[in-house]
Number of protein chains: 2
Amino acid sequence: MLIHSASQLLTLAGGPQRGSELGRLGLIENGAVLIQDGKIVAVGESSDFKARYPDEETLDAAGRVVLPGFVDPHTHLLWAGDRAAEFEMRLQGKSYLEILAAGGGILSTVLATRAAPLNTLMDETRPRLQTMFEHGTTTAEAKTGYGLETETELRMLQALITLDAEHIMDLVLTFMGAHAIPPEYSDNSDSYTSKVCAEMLPAVKEWWQKQTSERGDVGLPFVDVFCETGAFDLAQSRRILETAASLGFPLKIHADEFDNLGGAVLAAELGAVSVDHLVATSAGDIAILGKSPTVAVALPCTPFGLAEKEYTPARDILEAGGLLAIATDLNPGTAWCESMQFAIALACRYMRLTPAEAIAAATINSAAAISRAHLVGSLEVGKQADMIILKVDDYRHLGYRFGSNLVERVIKKGVVYQV
Amino acid sequence: MLIHSASQLLTLAGGPQRGSELGRLGLIENGAVLIQDGKIVAVGESSDFKARYPDEETLDAAGRVVLPGFVDPHTHLLWAGDRAAEFEMRLQGKSYLEILAAGGGILSTVLATRAAPLNTLMDETRPRLQTMFEHGTTTAEAKTGYGLETETELRMLQALITLDAEHIMDLVLTFMGAHAIPPEYSDNSDSYTSKVCAEMLPAVKEWWQKQTSERGDVGLPFVDVFCETGAFDLAQSRRILETAASLGFPLKIHADEFDNLGGAVLAAELGAVSVDHLVATSAGDIAILGKSPTVAVALPCTPFGLAEKEYTPARDILEAGGLLAIATDLNPGTAWCESMQFAIALACRYMRLTPAEAIAAATINSAAAISRAHLVGSLEVGKQADMIILKVDDYRHLGYRFGSNLVERVIKKGVVYQV
């Protein structure tokens, strides 16, 4: 299939974009892309391509923007229940403790998720997957972490594997047994840390490898830890991540959402693929991160969801030479937002990215944040044919406009879906 | 037609909600509403209604929320061109003067609108109307004000009347020749003020009355003035509004978006139907407004669009007993946002409204802000059958969730549209 007549074809070619390189769109005016067997086989100008490939089935982009599908590299998209009552209590001025006493907070999602059978978990999650896809996300990371016990964590992995198989969008999985301290360990986070290391990580590896023999060659999922006051301290985070690394898991870490415990430096030291949140990150930590291969993933929907004033200091990270990506952080507590377009709109306003920078952070760099930059995130020969056609003729409308969906068609592995 | 089995039917019954009354949803569980000839003829519980009206065509709300269609009481939805380049320049740190020198700012929209034929204006605006409608807005105010000369202002009115006639959504019109000082009067705002009073207002009245004789009995449009530093000062605003009032026009005023020039007090003194923006409003002005019948219309998408930190002090307005509404302010410069759902999400976070308060501000109170509270904005017997069915079973998801459209069906004058 030949997609032609894109007013602007954004290729994002040339690999992940570090520091001041960010925003290199590889823009081709009147662009065209040729797709065969779900892959991109040529990228160029419409005038040449229509003559060169006269027998191809065509899709007229009709003067609209074509760009890679968004890669959302940080989501907690699988959960049961909702936290609308907690949101209302917060607005009424109720304190964190009052909300906890009323059954709110992350542990309410843990209880609902533990109680939910596999089918319920999948039924509640399917509309979110579909909403993400309709807003242009073609690959997303998805974490466990609302089980906090081996059985439920494995059920979450099972649900995610099943949803990945049934939905056209690709999911890249992360085990996050260390998302919070479960209620039964509230007085003994070290014991829970030991349990994660000694019981859960080996169990996940064994379970995953059994699945893999059925699914074909799929590498181990990421292992992620919430390194934060009230969750896992730096020593506990290090223990869990070092154990995971020794078992062969690739690493991620939630760091500096509220307090700086040193998680960003730990991520760089351990060669984590990404470090995510990065709001309270110090200048010294940013300098270290800027020299590391670890991708800095900003989650602007989260401070927005909480009506906080501080966002990831993106320009500082870029000045330090860092690799910056953005994600939705889709979750029921702080950011029920499926749309990477909205993450872009926030990144422009509160992290001072230009639309071009935010788009690169939401495609090729976010692919790098989940080790998929060789497969997706740009329109280059040999890559998966994952792309979106917008309703507009100028890419800067991403960022500029907000509150509606600018995606008209989503193309996943060469198959076209009308939104 | 009988719409039944709403998990929550929000009637918003009982008229506009002043001060601490705000948020009275009139919630009926397992609610039903009976529609005949485009009007509401009964509201109650599904169990009763299915027995009482067995022969009615039914629409099963299937455990979802049903509420009045949103009324968006402040938009500049008709314009030509876009300001994406200006948005990008702002993010790159360009100054206001650099942007003006590059042809940006409101006057760039004025030039594009003056140059646009009637059909171009309507073609560019239709997708915005449709997006508003699909996001649940069933009635919207729409202003002129990108002409700033009689001919183009009348063309804008003509376009709006035509769009109102062709689109199912209802438009309530406002003449805003005093939206900015046009370039040809940049050194002489008093002369332009005189022109608005002596030439434009009488011309609009004459033109409108000629239209009315063809359209049936439609009252005069609102007249609105931008009372702000760099636009019209307080004396000029007073002159225009007093002239408009003497000609029989109902009044609105843009006040205190950036500076407090006294526009809110002027609005109360002149009995304006609404005063809009209200960010830099003083405590004293809020006290006066709180005792007046003038509706305070907050426009949270505008500070969001500009990444500013200050929003309308909604809780102060409510404490003073004011009538508070919210609107999108849809416009190409500061807030290209068609979605009242997003205005609600912002109002919850940055104006500290609960979802119930924000919903009342976006329905019955916003109907009052355009003098339509007797026709729309609530589900009560005799009112227009304008309502929406959400995809969710709890109204608090409005506000809690953001970045996607929660509307499943829009019902306008009894006709059902699937989104």
Side-chain angles (χ1 to χ4, degrees), chain A residues 82-93 127-128 131-132 134-135 301 303-309 311 315 328 330 332 335-343 345-358 391-406, chain B residues 82-93 127-128 130-132 134-135 301 303-309 315 328 330 332 335-343 345-358 391-406:
Chain A
D82 69 65
R83 310 242 291 271
E86 174 184 333
F87 174 72
E88 185 181 45
M89 287 179 74
R90 246 187 4 242
L91 296 171
Q92 290 166 335
R128 294 191 278 269
T131 301
M132 293 171 77
E134 289 171 0
H135 286 75
C301 298
F304 176 81
L306 293 169
E308 284 173 0
K309 298 210 187 294
Y311 284 76
R315 299 237 68 92
T328 61
L330 169 58
W336 190 332
C337 174
E338 291 93 342
S339 170
M340 285 292 282
Q341 295 171 64
F342 187 62
L346 288 172
C348 289
R349 287 172 178 78
Y350 294 104
M351 294 162 42
R352 288 290 163 194
L353 300 188
T354 63
E357 291 170 334
K391 296 175 181 170
V392 296
D393 62 2
D394 181 337
Y395 71 85
R396 296 173 298 190
H397 284 242
L398 289 172
Y400 169 44
R401 293 166 62 172
F402 49 92
S404 72
N405 185 4
L406 298 184
Chain B
D82 70 65
R83 309 239 294 266
E86 173 184 335
F87 175 71
E88 186 181 45
M89 287 178 75
R90 236 177 22 232
L91 295 172
Q92 290 166 335
R128 293 191 278 270
Q130 187 58 24
T131 302
M132 294 171 77
E134 288 172 2
H135 286 75
C301 299
F304 176 81
L306 293 169
E308 284 173 0
K309 298 210 188 295
R315 299 238 67 92
T328 61
L330 170 58
W336 190 333
C337 175
E338 291 94 342
S339 169
M340 285 293 282
Q341 295 171 64
F342 188 61
L346 288 172
C348 289
R349 285 172 180 79
Y350 295 106
M351 293 161 42
R352 289 288 163 196
L353 299 188
T354 63
E357 289 170 335
K391 296 175 182 172
V392 296
D393 62 1
D394 182 336
Y395 71 84
R396 296 174 299 189
H397 284 243
L398 288 171
Y400 169 45
R401 293 166 62 171
F402 50 93
S404 71
N405 185 3
L406 298 184

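Chain identifiers are assigned alphabetically (A, B, ...) following the order of the sequence lines, protein sequences preceding nucleic acid strands; residue numbering begins at 1 within each chain. For the numbers below, each heavy atom of this structure counts, side chains included, while hydrogens, waters and symmetry mates do not.
- B/Tyr400 contributes a side-chain N or O that, together with a main-chain N or O of A/Pro332, makes up a donor-acceptor pair within less than 3.5 Å.
- In this structure, A/Phe304 and B/Phe304 have side chains that are in contact, with non-hydrogen atoms separated by less than 4.5 Å.
- The structure places SG of B/Cys348 at 9.0 Å from CD of A/Glu88, a figure rounded to the nearest 0.5 Å.
- The two atoms that bring B/Pro355 and A/Phe87 nearest to each other are CG-CE2, 4.0 Å, heavy atoms only.
- Judged by distance alone, with hydrogens and angles left aside, the side-chain atoms of A/Arg349 form no donor-acceptor pair with the main-chain N or O of B/Leu306 at under 3.5 Å.
- With a 4.5 angstrom heavy-atom cutoff, B/Arg90 touches chain A only via backbone atoms.
- Ranking A/Ala307, A/Gly305, A/Ala345 against chain B, the residue ahead of the rest is A/Gly305, based on heavy-atom pairs under 4.5 Å.
- The candidate from B/Asp82, B/Thr328, B/Leu353 with the greatest count of non-hydrogen atom pairs under 4.5 Å with chain A is B/Asp82.
- Atom CG of A/Leu330 sits about 9.0 Å away from atom CZ of B/Arg401, to the nearest 0.5 Å.
- B/Ala85 touches chain A through backbone and side chain together, each having a heavy atom under 4.5 Å away.
- Of the atoms belonging to A/Ala335, heavy atoms from both backbone and side chain fall under 4.5 Å from chain B.
- There is no contact between B/Ala356 and chain A, counting heavy-atom distances below 4.5 Å.
- At a 4.5 Å heavy-atom cutoff, the contact between B/Thr131 and chain A is made by side-chain atoms alone.
- Shortest non-hydrogen contact noted between B/Ser339 and A/Gly403 is CB-O, 3.3 Å.
- To the nearest 0.5 angstrom, A/Phe402 atom CZ is 7.5 Å from B/Leu346 atom CG.
- For the residue pair B/Thr354 and A/Leu91, the shortest heavy atom distance occurs at CA-CD1, 4.1 Å.
- Heavy atoms closer than 4.5 Å to chain B are found in the side chain of A/Tyr350, but not in its backbone.
- The two residues A/Ala84 and B/Asp394 make their nearest non-hydrogen contact at CB-OD2, 4.2 Å.
- Of the residues considered (A/Pro127, A/Gly93, A/Gly399, A/Ala343), A/Gly399 shows the highest number of contacts with chain B, using heavy-atom pairs under 4.5 Å.
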